[in-house]
> 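Below is one structure. I have some questions about it.
Labels below follow one simple rule: chain letters A, B, ... track the order of the sequence lines, proteins then strands, and each chain is numbered from 1. Just so we're clear, the structure is a prediction, and the values are computed from it rather than from any experiment.
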Amino acid sequence: MSVKVSMKVNGKPVAADLEARTLLVTFIREHLRLTGTHVGCDTAQCGACTVLMNGKAIKSCSIVAMQAEGADILTIEGVAKPDGTLHPMQAAFKENHGLQCGFCTPGMVMNALDFAKSHPDPTEEEVRDSLEGNLCRCTGYHNIVKSIMAGARAMAGKP
Amino acid sequence: MTAPLIGARVQRKEDYRFLTGAGMYTDDVALPGQAYAAFVRSPHAHARIKKIALDQAKKSPAVLAVYTGADLAAAKVGGLPCGWLITDVNGQPMKEPPYPPLAQGKVRHVGERVAVVIAESLAQARDAAELIEVDYEVLPAVVDPVKAKGAPAIHEAAPDNACYVWALGDKAAVDGAFAKAAHVTKLDFVNNRLIPNAIEPRAANATYSRAEAGYTLYVASQNPHVERLLMTAFVLGLPENKVRVVAPDVGGGFGSKIYLYPEDVVVTWAAKQLNRPVKWTAERTESFVSDAHGRDHVTTAELALDRDGKFLALRVRTTANLGAYLSTFASCIPTILYATLLAGQYTTPLIYCEVTAVFTNTTPVDAYRGAGRPEATYVVERLVETAAREMKLDPAGIRRKNFIRQFPYQTPVALCYDTGNYEATLDAVMKMADVAGFKQRKEESLTKGKLRGLGYACYIEACGIAPSNVAGSLGARAGLFEAGEIRVHPTGTVTVFTGSHSHGQGHETTFAQVVADRLGLPIENVDIVHGDTSKVLFGMGTYGSRSIAVGGTAIVKALDKIVAKGRKIAAHLLEAAEADIEYDRGVFKVAGTDKQKTFGEVAFAAYVPHNYPLDKLEPGLNENAFYDPANFTFPAGSYVCEVEVDRDTGATQIVAFTAVDDFGKIINPMIVEGQVHGGLAQGIGQALTEGCRYDSTGQLVTGSFSDYAIPRAGDVPLFKLDTRETPCTHNPLGVKGCGEAGAIGAPAAVMNAITDALGVKDLPMPATAQTVWRSMHKAA
């Protein structure tokens with residue numbers, strides 16, 4: 001069964017006829033060719049597929065594309081400024097060496113963007129709690145935690 | 001003129017693309033017209049295949065082909081080879097049963113590939129795969145390595161399920177020392193099986209070009225050249241020049257992506273049959289059952305001491321689980337990379353180690369971060385700490401009493417350490433961890449209902465594997481050098497080609513620092529290329545913390561050739577004698593004068609040789625080098641772990657972890673710290689959370705992230721790190737390697753801390769809350 005879906009992705013309207021079972025992440029990766037959103041587990045545990053849907057972090061492997069009908073989706077490709085300047089959260093990951101292989105990174109950044117809105121100056125413990133659904137195998141989380149603490153402060157305009 | 005880059009905390013060149021979603025991992029590669037593969041995997045650990053019914057699958061929509069082992073056998077596709085021959089105690093070669101890419105008549109572990117379906121879409125391939133019916137005759141399975149020898153044979157070639165029995169050391173002398181010892185400490189333990197779980201699942205996408213009569217394989221690999229060599233020469237019988245292997249951005253490896261895997265072979269072979277690109281990406285469940293696992297040793301270890309705590313001898317018996325088939329480097333892990341490390345940091349004069357390696361009905365086991373060295377460190381450091389407790393000696397003091405202090409030091413287990421300073425790292429870690437204040441902290445914890453414990457681990461590792469002639473004499477079927485090439489462009493910018501492969505290590509930055517520093521160029525002018533056999537002349541890949549020590553040195557050797565040729569060109573341009581030309585930070589100068597040419601001017605002259613010594617020199621400025629190390633490198637360090645155990649629940653929290661490592665010279669401290677953090681988290685995972693479990697029929701019970709707990713952010717602390725620097729004596733950068741240290745040292749430190757907190761002799765890993773709680777209640 002094919003269904004028509006339309007939504008906004010990174011500010012641009014997109015539409016497609018999809019098999020009803022098409023996951024949002026498949027639509028983003030395979031149809032839109034936005035391959036920065038990754039698939040690490042298929043079971044909604046690793047968080048590599050995290051995107052923002054109407055401003056909230058969701059795992060795009062756990063909903064089908066038609067559930068995002070009419071939604072505003074932000075993927076990692078839409079986070080930096082159009083001129084390529086990194087968003088303060090992205091810059092914090094770079095400055096704090098918050099990534100190694102880079103595979104979990106887009107999901108980490110997207111989750112952190114949502115988290116930082118409600119936590120302008122988070123504690124280490126709050127950041128670790130916020131990462132419950134995002135797995136990293138490279139960094140031991142040490143520098144991810146530091147990155148998110150610094151990125152959240154930067155987003156809130158704090159030094 | 002530029003500031004020194006070696007030793008600087010340079011931010012990574014690769015980060016921008018990863019942070020903006022512009023990385024290119026294998027599953028991101030979309031080839032025109034690509035078809036999709038889905039594998040049918042065995043649900044049984046051990047079974048005879050009586051019949052495979054393919055008709056329904058073949059008739060399923062958009063299916064292009066269905067293949068089984070019979071098709072590969074008919075096409076004369078070979079089995080997967082093992083890269084290291086171990087010779088057993090009787091001088092016989094190890095048993096090497098065939099490892100077919102798709103099962104032939106029998107399956108030997110859950111997850112083994114039985115058939116592959118290739119269809120227009122991934123969903124169609126998976127739908128069709130579900131229509132394949134396999135009629136199995138289930139056979140008894142064995143998962144416990146200790147029971148393997150009496151179990152029904154898994155392979156005809158190994159009737160008692162033993163691959164080899166191997167030994168190192170002088171058994172009679174060791175037994176003699178034990179007979180006279182004042183004290184013997186003995187431990188029986190399991191070094192728990194681990195599942196690597198890089199967050200990027202394995203993937204492969206192969207294409208065949210009739211025009212070029214050649215293949216291109218994109219694959220998530222740590223080791224593209226070796227993958228090509230093994231696949232072409234041993235499995236598919238193809239000329240190497242007709243196969244290009246590209247390992248693009250790779251999302252972590254930790255060993256699991258070193259090997260040639262059946263899926264890689266199948267999609268490459270199928271791409272030519274179908275004249276279509278064929279793509280496969282593992283689902284996480286497939287990763288759990290088909291990526292090579294790590295560790296899985298059952299060990300009895302004994303340390304003999306004199307009355308003062310001086311080590312007299314070490315005796316170790318290990319049964320190592322190899323799984324159902326010999327993975328690429330499986331055989332050398334529990335032998336060459338394990339027993340040779342059993343001296344640790346100590347002068348133990350006599351060591352004997354005997355290893356029985358067995359086949360079981362489990363996923364193949366191979367190198368996982370540390371590979372043999374974490375297992376060796378666990379043996380040594382658990383024994384040493386336990387001996388100190390039994391003899392009422394200070395655990396730091398007993399280590400100091402036995403430290404190696406004179407270098408070079410020839411161990412009784414084949415290795416010769418070039419340099420080290422173990423006292424320095426132990427002193428530093430004890431100060432940083434405030435060991436002196438532990439007693440007070442322990443009392444404070446007790447008031448909160450928590451048991452506090454402190455544990456040490458003083459590890460050594462052998463990195464930069466290693467002289468090819470030595471490796472060859474130990475059974476390696478490959479050389480273990482590295483290749484590097486420096487291509488200077490006419491305008492003086494530089495592209496560096498390295499046979500090392502970066503999958504998180506940051507080589508694009510670290511290697512660029514080395515080159516830019518040595519040439520005195522801005523780092524922006526230097527780019528690193530890796531992971532493509534059509535671009536890089538050769539490579540042995542990245543594992544065993546070998547990249548900077550071996551790959552980095554190959555680059556330095558090529559740099560030296562660039563500067564040597566540059567001096568000749570500059571001498572001509574400056575009308576001076578070559579002997580008078582000095583190179584300093586981007587400028588060729590005539591010594592003692594102000595006559596000079598920049599690096600860019602010399603490069604330009606090499607490519608536009610209008611004024612050039614054409615009678616003596618070829619144009620161009622491009623050099624390559626192969627570097628085969630004189631020895632392993634020997635990073636070492638001291639770790640202190642402090643834990644609090646909840647008396648009510650048994651939950652263990654790591655309240656402090658302090659690590660002082662000696663990696664020799666450090667190129668980028670920021671990147672090195674990141675490597676240590678990651679290694680520590682994996683070592684803590686082994687000690688606290690990661691417990692691979694098979695049931696008695698060979699089903700993997702821990703086959704998802706729900707059941708197999710890799711550490712989450714809340715499971716690990718902020719780490720306290722420092723380094724001491726004893727440069728390696730036999731490479732020009734003085735570097736040793738840092739990638740595995742944390743995973744090697746952490747498990748023993750954590751378990752020494754928990755056993756200290758509980759006041760028990762031993763506890764199995766992972767020390768989950770349940771395990772700890774049971775131990776507390778048994779003790780009470």
> Between B/R284 and A/V39 (side chain of the first, backbone of the second, donor and acceptor by atom type, cut-off under 3.5 Å), is there such a pair?
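Not a single qualifying donor-acceptor pair exists.
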> Does any non-hydrogen side-chain atom of B/V29 lie less than 4.5 Å from one of A/T35?
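No, side chains not in contact.
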> Side chain, backbone, both or neither: which part of B/F254 has a heavy atom under 4.5 Å from chain A?
side chain
> Can you confirm whether A/Q67 is buried at CD, in the sense that more than 12 heavy atoms of other residues, nucleotides or ligands lie under 6.0 Å from that atom?
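Atom CD in A/Q67 is packed in, count exceeds 12.
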> Just give me the residue among B/P717, B/G685, B/G23, B/G253 that pairs up with chain A most often, heavy atom to heavy atom, under 4.5 Å.
B/P717
> Select one option (side chain, backbone, both, neither) describing which atoms of B/V676 are under 4.5 Å from chain A's heavy atoms.
neither
> Is A/V79 close to chain B through its backbone or its side chain, or both, or neither, when contacts mean heavy atoms under 4.5 Å?
neither
> Side chain, backbone, both or neither: which part of A/E95 has a heavy atom under 4.5 Å from chain B?
both
> How long is the gap from CZ on B/F705 to CG on A/D42, to the nearest 0.5 Å?
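Rounded to the nearest 0.5 Å, the CZ-CG separation comes to 10.0 Å.
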> In terms of heavy-atom proximity below 4.5 Å to chain A, should B/L122 be classed as side chain, backbone, both, or neither?
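Answer is neither: B/L122 stays 4.5 Å or more from chain A.
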> For A/Y141 and B/P711, indicate whether the former's side chain and the latter's backbone hold a donor-acceptor pair under 3.5 Å.
yes
> Name the region of A/E132, side chain, backbone, both or neither, that has any atom closer than 4.5 Å to a heavy atom of chain B.
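It is both, since atoms from each part get that close.
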> For B/L680, which atoms come within 4.5 Å of any heavy atom of chain A: side chain, backbone, both, or neither?
neither
> Checking heavy atoms, do the side chain of B/T281, its backbone, both or neither come under 4.5 Å from chain A?
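The answer is neither part of B/T281.
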> Taking all atoms of both residues into account, what is the closest heavy-atom pair of A/H97 and B/I671, and its distance?
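Closest approach of A/H97 to B/I671, heavy atoms only: NE2-CA, 3.7 Å.
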> Hey, is the main chain of A/D129 close enough, under 3.5 Å, to the side chain of B/R712 for a donor-acceptor pair?
no
> Which bit of A/T105 comes within less than 4.5 Å of chain B, counting heavy atoms only: side chain, backbone, both or neither?
side chain
> Ignoring hydrogens and angles, state whether a donor on the side chain of B/S706 or A/Q45 is under 3.5 Å from an acceptor on the partner side chain.
yes
> Under 4.5 Å, counting heavy-atom pairs only, tell me which of B/G21, B/G506, B/G504 racks up the most with chain A.
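Highest number of heavy-atom pairs under 4.5 Å: B/G504.
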> Whether the side chain of A/H142 engages the backbone of B/F719 through a donor-acceptor N/O pair (distance < 3.5 Å, no angle test) should be reported.
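Yes, A/H142 side chain to B/F719 backbone: donor-acceptor pair under 3.5 Å.
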> For chain A, find which of B/A198, B/S704, B/G679, B/P201 contributes the most heavy-atom pairs closer than 4.5 angstrom.
B/P201
> Give the minimum heavy-atom separation between B/R12 and A/K94, together with the two atoms involved.
O-NZ, 3.0 Å
> Out of A/M108, A/E30, A/E124, which one racks up the most heavy-atom pairs below 4.5 Å with chain B?
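Option with the greatest count: A/E124.
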> Of all heavy-atom pairs between A/R29 and B/D27, which one has the smallest distance, and what is that distance?
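Looking at all heavy atoms of both residues, the shortest contact is NH2-OD2, 2.7 Å.
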> Does the pair A/R128/B/D715 count as a salt bridge with the N-to-O cut at 4.0 Å?
no
> Minimum heavy-atom separation for B/G251 and A/F103, please, with both atom names.
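For B/G251 and A/F103, the tightest heavy-atom pair comes out as CA-CB, 4.0 Å.
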> Heavy-atom cut-off 4.5 Å, strictly under: side chain, backbone, both or neither for B/Y25 against chain A?
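Answer is side chain: those atoms of B/Y25 sit under 4.5 Å from chain A.
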> Is any side-chain heavy atom of A/L135 closer than 4.5 Å to one of B/I199?
yes
> Could you tell me which of B/E690, B/E673, B/Q505, B/Q675 has the largest number of non-hydrogen atom pairs under 4.5 Å with chain A?
B/E690
> Hey, is the main chain of B/G674 close enough, under 3.5 Å, to the side chain of A/Q100 for a donor-acceptor pair?
yes
> Quick one: CD on B/Q682 to SG on A/C138, what's the gap to the nearest 0.5 Å?
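Rounded to the nearest 0.5 Å, the CD-SG separation comes out at 8.0 Å.
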> For residues B/G252 and A/C101, report the shortest heavy-atom separation together with the two atoms involved.
N-CB, 3.3 Å
> Pick from A/H87, A/E19, A/Q90: which one has the most heavy-atom pairs with chain B under 4.5 Å?
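Sorted descending by pairs with chain B, the first entry is A/Q90.
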> Mind ranking B/I710, B/D249, B/V250 by heavy-atom pairs under 4.5 Å with chain A and telling me who comes out on top?
B/I710
> Give me the atom names and distance for the closest heavy-atom approach of B/A681 to A/G140.
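Distance-wise, the nearest heavy atoms are CB-CA, 3.4 Å.
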> Does any heavy atom of chain A fall under 4.5 Å from the side chain of B/A30, the backbone, both, or neither of them?
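Answer is both: backbone and side chain atoms of B/A30 are under 4.5 Å from chain A.
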> Among A/A48, A/C136, A/G84, who wins on heavy-atom pairs under 4.5 Å with chain B?
A/G84
> Which distance, rounded to the nearest 0.5 Å, do you find between the NE2 of B/H677 and the CD1 of A/I144?
11.5 Å
